[in-house]
There are 2 protein chains.
Amino acid sequence: MNVEETLKKVGLRLTDTRKAVLSLFIDANKALSHSDLEEKLADCDKVTLYRTLSSFLEKDLIHKIVNPDGVAFFALCKHHEHTHHAHTHLHNHGHFVCKICKETRCIEDFEIEIPTNLLLNSQIDEISVVLQGTCSNCIKIQNRV
Amino acid sequence: MNVEETLKKVGLRLTDTRKAVLSLFIDANKALSHSDLEEKLADCDKVTLYRTLSSFLEKDLIHKIVNPDGVAFFALCKHHEHTHHAHTHLHNHGHFVCKICKETRCIEDFEIEIPTNLLLNSQIDEISVVLQGTCSNCIKIQNRV
DNA sequence: GTTTATGCAAATTCTTTGCAATACT
DNA sequence: AGTATTGCAAAGAATTTGCATAAAC
């Protein structure tokens with residue numbers, strides 16, 4: 001997955017911040033919050049980061065996960081790794097948030113079926129599934145103490 | 001479901017604000033945000049409302065649903081309507097949020113099974129399932145225009 | 001050259017904290 | 001009487017907006 005090609009494909013100008021942020025998402029392989037990015041890109045203005053995240057959301061490069069504390073995390077949309085372009089896609093996979101280290105990951109294997117029998121007259125656009133608990137790493141650390 | 005009995009049962013003092021807020025939750029039969037309460041209880045200080053919500057959360061009278069915009073909503077925990085007291089309970093039922101009118105409801109019939117095969121070494125405490133879309137009422141209004 | 005993005009300051013919104021006055025048991 | 005709760009002011013955190021400068025196309 002090439003950073004510059006991806007940005008061009010969705011019609012965003014190639015700026016240093018956008019290239020850096022997209023690289024971070026690709027390398028991270030997990031969800032990142034605004035403050036994660038701010039920390040990693042210390043010389044970048046926080047407002048620019050907010051705007052970068054907005055433009056990525058708008059172009060469907062990333063999706064937003066709000067954890068149970070109300071903190072927003074963002075993760076790459078997997079469909080951009082493939083050549084085909086699914087335009088209206090539901091993010092109906094699960095997410096796991098560790099309440100200790102706050103690490104947030106997509107669980108691609110866990111997909112929720114929309115309950116079409118319920119909510120008969122409503123239209124569903126988006127699904128958010130967040131599992132909160134303690135990650136394996138933090139359990140290990142707890143057991144050591 | 002009696003307001004005063006319920007408050008006593010969980011060990012909270014009977015104050016005007018608590019009685020009013022609990023009544024609103026019972027009558028509303030849907031999730032309410034802090035600003036919903038502020039609007040309905042105009043003569044009550046907003047800080048008191050924050051603290052009321054905290055105490056209700058702590059006593060498991062209500063649960064918190066963070067909608068995809070990051071706005072917190074709160075809804076009654078159903079187990080308090082019965083006499084038996086489940087102390088550690090997962091809120092693994094779904095929630096529906098209308099992106100237009102922001103109405104938020106529990107969908108009690110829609111329960112998510114925790115995927116025990118995934119996340120083998122992690123511990124899951126809480127599940128949040130939020131479906132976002134357009135509610136039947138807002139669809140009707142759209143069609144009229 | 002035209003359009004879009006950035007950086008800074010400032011405004012807004014949401015939430016928490018400290019403390020004296022008040023209400024509950 | 002003793003303890004918990006309230007209301008107000010103020011602090012803090014998260015996010016948005018306006019605008020001049022700078023960078024991308």
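Keep in mind that the numbers below use all heavy atoms, side chains included, and drop hydrogens, waters and symmetry copies. Numbered from 1 within each chain, the chains take letters A, B, ... in sequence-line order. Every value quoted in this text rests on a predicted model; they were computed, and no experiment measured them.
Protein atom CG of D69(B) is 16 Å distant from nucleotide atom P of dT13(C), rounded to whole Å. Distance CD (E38(B)) to P (dT15(C)): 10 Å, rounded to an integer number of Å. The separation between L49(A) atom CG and dG7(C) atom P is 9 Å, rounded to whole Å. Whole-Å rounding puts the E39(B) CD to dC14(C) C1' distance at 16 Å. The nearest whole Å value for the distance from the CZ atom in F56(A) to the C1' atom in dA5(C) is 12 Å. Across the protein-nucleic acid pair, L14(A) atom CG and dA22(D) atom C1' stand 17 Å apart, rounded to whole Å.
Side chain of H95(B) to backbone of V129(B): a donor-acceptor contact under 3.5 angstrom is found. Between the side chain of R18(A) and the main chain of R13(A), a donor-acceptor pair closer than 3.5 Å is present.
Along DNA chain C, the nucleotide closest to S55(A) and the one closest to R13(B) are compared, and the more 5′ of them pairs with S55(A).
Considering all non-hydrogen atoms of both residues, C101(A) and C135(A) come closest at SG-SG, 3.9 Å.
Looking at D36(A), N67(A), D69(A) one by one, the single match for side chain to side chain donor-acceptor pair (under 3.5 Å) with K102(A) turns out to be D69(A).
No side-chain heavy atom of V71(A) sits less than 4.5 Å from a side-chain heavy atom of V97(A).
For Y50(A) and H34(A), the ring centers are positioned less than 6.0 Å apart.
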Task: Annotated protein contacts, base or backbone, on nucleotides 6-16 of chain D with a non-hydrogen cut-off under 4.0 Å, one of B, S, - each - done: BBBB----SBB
